[in-house]
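Below: one structure, written as structure tokens.
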Amino acid sequence: MIYKEFKGLNLPEIESEVLQFWEREAIFQKSIDSRPEDNAYVFYEGPPSANGLPGIHHVVGRAIKDIFCRYKTLQGYRVERKGGWDTHGLPVELKVEQELGITKEDIGKKITVEEYNNKCRETVMQFKSEWDDLTRIMGFWLDLDHPYMTFENGYIESVWYIISEIYKKNLMYKGYTIQPYSPAAGTGLSTHELNQPGSYRDVTDTSIVACFEVKSCCINKVNAAFKSNIETAHFLAWTTTPWTLPSNTALTLGPKIEYVLVTSFNPYTKSPQNFILAKELLAKWFKPEQEVSSIDELVIDEKTMTYCIAGLAVGSELKGVEYNQLLPFEVNGANAIEGKSFQVITGDFVTTTDGTGIVHTAPSFGADDSKVAKENGVGSLTMVDSEGKFIDGLGFLSGRFVKDYRNEADYKSPDVDIAIELKTKGLAFNVQKYVHSYPHCWRTDKPVIYYPMDSWFIRTTAVKEQLITNNKKINWKPESTGTGRFGHWLENIQDWNLSRSRFWGIPLPIWVAEEGDEQICVSGQQDLLNHIALALASNLLSAEEKAENEKFIQAFGASQGDLHKPYIDRVTLVANGIKLKRETDVIDVWFDSGSMPYAQWNYPFSNQEKFKHAYPADFIAEGVDQTRGWFYTLHTISTILFDQPAFKNVVSNGLVLDKNGEKMSKRKGNVINPMEAIPKHGADAIRWYIISNSAPWENLKFDMNGVEEVKRKLFGTLYNTYSFFSLYANIDAFQWDDKNTIPHTEKPELDRWIISKLNTLKKDVQEALESYEPTDAARSIDTFVDRNLSNWYVRLSRRRFWKNDVSADKKAAYETLYECLTTIAQLMSPIAPFFSEWLYQSLTLSIRDKAIAENSRWRHSSIHLTSWGSIDESWIDENLEHRIERAQDLSSMILSLRKKEQIKVRQPLQKVIIPILNDKEKDLYQSIEDIVMAEVNVKDFEYVDENSGLFVKSAKANFKLLGKKLGKDMADIAKIIANWNQEQIGLVEKQGKIDIISEGRSYELLLEEIEIATSDMPGYLVASENGMTLALDISLSEDLLDEGIARELINKVQNYRKDQNFNVTDRISISYASEMNLDRVIKKFSNFISTEVLANEIKPSATMAAPLELELNELNTKIEIYKL
RNA sequence: AGUCUCAUAGCUCAGUUGGUUAGAGCGCUACACUGAUAAUGUAGAGGUCCGCAGUUCAAAUCUGCGUGGGACUACCA
């Protein structure tokens, strides 16, 4: 047997065999080695973190990566795919904290940093083997044996090198700023971390409108501004973060905003008060219908609280007014503040869209607050510590967490107590629950606060223009992610906060003097050791410092060095005679992954040559959530270092949802585990489904039914086609012989047609993949396999394979089908690497040795080692494709008529009558009549022209052409044309033009502006579609009926052969019970029947042992069949 | 709250520069075909192309407003 025959399609089984084959033969490695080094297609693997299990969405991203890497390999590029692991950062640290049951404060106390980091190092690779398994079974080719690890010294020193380069460019600075800070995680966050999807969430907070009482010494100033005469006044300021009120040091007013002085009552204490707030927001807090014109009319009871306006002023007039501190405690008095305090300042950022138009200002907890306070010389109070709790000396607030950072069972928000306190003191005007969206830490899920911190920044704002310019060089898929989401982000770029006050990360390579400006930024491992040697030589170090430095060097001497904390912190350096200590922070983990183009090769310390061929990347692909993550850090670092993009093409894929469009979550139980789904359904079916269902950047509604459909429709059909081929090719011992093939031009038209379609398909697939549109590629293949190959070419060619002789026609059929199957295998191989390999092997394994000897196209041991080659345009015949399309349409119309009349296809019909308008149409129909006749079992095509008077024409305006010419009269004239009778249509055809008048305007219409088609043949059974019309002659002569019976008989015999499991080539003998009608049929068609069913004889018999009772149309008979 | 994006059959999706019967596959119903048979064909049912307004001779397609989903942006106190 030349071609293996199979019992059924079992994708998972095929896949595990192919996997073994790949591994045994090292096909992946060969696919790289066989391509020249100087023809690289560079791919970067975005490193996953192995401290969690992979999900189905990882399969999506990785399928996309794999497709283009495989495709480019086929095109002859060398595509190295180094795997990598992201090992540092908050996710790992928090997991370890959780496992050990400790908090950040315990690190260095209950557990040493050394032990802690060791634990992190273990934990981070916890699920590595699961990840490797997934990579393997989904068929993602990635070098898992030599991955880059971000925690290795070689990686770290490359990152140091990058930082030192940035440092040298004077793009790094240390700043004391208000930053997003996660008390739960104990670290500051960068803006791009804050911008991770899901960070902003709706929360319900206690909002307070607090009353800040004007100091009595300033009441005159207020009266002057408002031209009023009152004795006390309160500024109303709204806040959604009452916990910042003890840290209030100022109130900010808009300098140009109009404010009103309102006389009314405190709603809680009911005592009279005068309030100041923005005029525009008056109606938000006071009901306009309760306004009265004079103080005398003021009343307050359960339902009403009237008010009157005592004056108007603009913000700038109130600047400098001092007020009594709202919540004074022992530690937050004016003496604790450096600078001015408790007075009104003005700022342009104040708006009147919300609140009261007066901003409570706590400079420590807001970026705007801090800025405006600094400008006005106002000092700050930081009444909350780094764990997120109030410091001591704040009375009832002391020691309490501002938010529930510890998941305490009986946690009570201090916001509520502050509200109660203010209410009782008559300092609250309004207290209510308020729903707003608020940023949360991406890892702890706890609310972020803004907090003053010391941090190292990269001055990305300084390279904004380069970032934007370089972004325009990148091909984004989809484009809107690049221009929109990423582009807008770059337009509003902030400096990148690198510092993280954590432990498990790449240490900042910066040493600073305790006093003074001396600094060293270390640029690598050797550079560090050199600096240490210099320090040791300086004689400035204490004995202890000296010992630590020596210990550090010794560890590296013994190849046991570690650049992590805590060891690195024990190193003391010296510059210009001054001792330097390391900045204790570690680096934002996103910087790690953004450094991978360089650090994966330990550039520049090794692999300088290699790096030249490995940067920048031609292609990367990750989830859209990486836009401001990995995509951003890659881009930024690359732009700063080399002023060019780190990647040329990027595909960002969307989210994976469940089949109802809901997010997958463990809680809902709608999570699909790839490690279960792949062995069950097959990686290829899942990959194909993912790619063909919707464009990668659309959200994918993952439905297993869709996977099953793909399995049946594409893989099932292809499998059947292969089974068909192998069945007959084995019988005829067909083998492809490169040196002896039927020339293309000598093949039958049907063969040339499918070859043309095949090359068109290849062209389409190539174009789709070149433009990073894998979905179009997959869909093109789907259509070809189903509609063209299986349901047209194979169906119409079947008889050619059944013939007994070995003719040129049969050979052409084999060669054509072989060509189609092998080409399909290659075209689909990037998307379905397993099945395509199976198909290729099944078809070519038997001729491999010969092919190797002859160096022919089938010599490659794997489909993934073959060469894509160029497309032979000369094999694409658009005219032929068009004609066959018409034939398909015609067949479908005739079959539909048969259906309508309940006439089986087995029953031959005499003729199809086709009206034709011109010779061109006739030529077209004649060229396809044979195919159509065979397909629909009709004996003849008859053409009738208009002189026959048999058919009716219809006319329709060509809207595209006439629209511009006719304008408003278009609709009117279209109606006139549609109503033309046969004579009018004939007249137009004869004259080639016609004059028409509409609404008094006359137009000359040309023949080509009117579409004339045949539409009906009165008295006939007619179908009409796409301007084609045909009539079917359904009258049945005796000959036709007899042939129908003969075909019916053939069908029954064939079914019997099959039921009895006869071999396709077995010869038989048929006996039948003689009867007049049957005798006639058999006499007429015995040759035909014999050939069809491989009968040596068909004879009448009076005695039958076990006859088969048959009903052939109207005819009842008995037959007997023997295998010879 | 603002910006972007999407909305077409029960489901998943096509739908060219605006052009006159809005398509495919799945699912459902019925009937066929079958030396590929756990495949296939034909037909039927199924549409307010999210709504409203506008531009235009002509709108699923262009514009505006609105509704709904998604993503993004935002310390707006």
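Within every chain, numbering begins at 1; the chains are lettered A, B, ... in the order of the sequence lines, protein sequences first and strands thereafter.
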I'd like a table of atom pairs between the protein and nucleotides 11-13 of chain B - only N or O on both sides, under 3.5 Å - with the distance next to each one.
from: B:rU12; atom 1: OP1; to: A:K701; atom 2: NZ; distance (Å): 3.0
from: B:rU12; atom 1: O2'; to: A:N693; atom 2: OD1; distance (Å): 2.2
from: B:rU12; atom 1: O2'; to: A:N693; atom 2: ND2; distance (Å): 3.3
from: B:rC13; atom 1: O2'; to: A:R779; atom 2: NH2; distance (Å): 3.0

All N/O pairs under 3.5 Å across the protein-nucleotides 67-69 of chain B interface:
none

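The salt bridge (charged side-chain N to carboxylate O under 4.0 Å, His left out) search around A:E708 returns A:K711, not counting sequence neighbours. Annotation: side chain to side chain contact (heavy atoms under 4.5 Å, CB included) contacts of A:S364 (sequence neighbours excluded): A:S380, A:T382, A:P452.
Counting only distance, with no hydrogens or angles, the side chain of A:D369 and the backbone of A:A362 share a donor-acceptor pair below 3.5 Å.
Straight-line distance between the C1' atoms of B:rG10 and B:rU5: roughly 26 Å, to the nearest whole Å. Rounded to a whole angstrom, the distance from the C1' atom of B:rG2 to that of B:rA45 is 46 Å. Nucleotides B:rG64 and B:rG70 have their P atoms positioned 24 Å apart, rounded to a whole Å.
One can place CD1 of A:I976 at 20 Å from P of B:rU20, the figure rounded to the nearest angstrom. Taking atom NZ on A:K960 and atom P on B:rU61, their separation rounds to 17 Å, with Å as the unit.
Heavy atoms of A:R712 sit under 4.0 angstrom from primed sugar atoms or phosphate atoms, though from no base atom. Base engagement by A:T721 is indicated by at least one non-hydrogen atom pair under 4.0 Å involving a base atom. Base engagement by A:Y728 is indicated by at least one non-hydrogen atom pair under 4.0 Å involving a base atom.
Taking only distance into account, the side chain of A:K975 never meets the base of B:rU20 through a donor-acceptor pair shorter than 3.5 Å.
Closest to the A:F724 side chain, of the nucleotides B:rA77, B:rU73, B:rA36, is B:rA36.
Classified by interplanar angle (parallel below 30°, tilted 30° to 60°, perpendicular above 60°), the ring pair A:F486/A:Y632 is perpendicular. Between A:F725 and A:Y818, the ring planes lie tilted relative to each other; the angle falls in the 30° to 60° range. Using cut-offs of 30° and 60° on the angle between ring planes, the pair A:Y728 and A:F801 is tilted.
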TODO: Mind running side chain to side chain contact (heavy atoms under 4.5 Å, CB included) on A:I1068 and A:V1053 for me, showing each step along the way?
DONE: CA-CA 10 Å; A:I1068 57 167; A:V1053 176; 3.8 Å; yes
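Consecutive Watson-Crick or G-U pairing (both distances under 3.5 Å) extending over three or more pairs maps onto RNA chain B as B:1-7 with B:67-73, B:10-13 with B:23-26, B:28-32 with B:40-44, B:50-54 with B:62-66.
Between the side chains of A:W238 and A:N430, no donor-acceptor pair of N or O atoms lies under 3.5 Å.
By the 4.0 Å N-to-carboxylate-O rule, A:K713 lies close enough to A:D786 to be salt-bridged with it.
For residues 785-793 of chain A, proximity to RNA chain B is found at A:S790, A:N791, defined as any non-hydrogen atom under 4.0 angstrom from a strand atom.
Taking the six-membered ring for Trp and the full ring otherwise, A:F631 and A:W476 have centroids separated by under 6.0 Å.
Side-chain contact between A:V707 and A:F702 is present, with heavy atoms from C-beta onward closer than 4.5 Å.
Remark: A:R787 CZ is loosely packed, at most 12 non-hydrogen atoms of other residues, nucleotides or ligands lying under 6.0 Å away.
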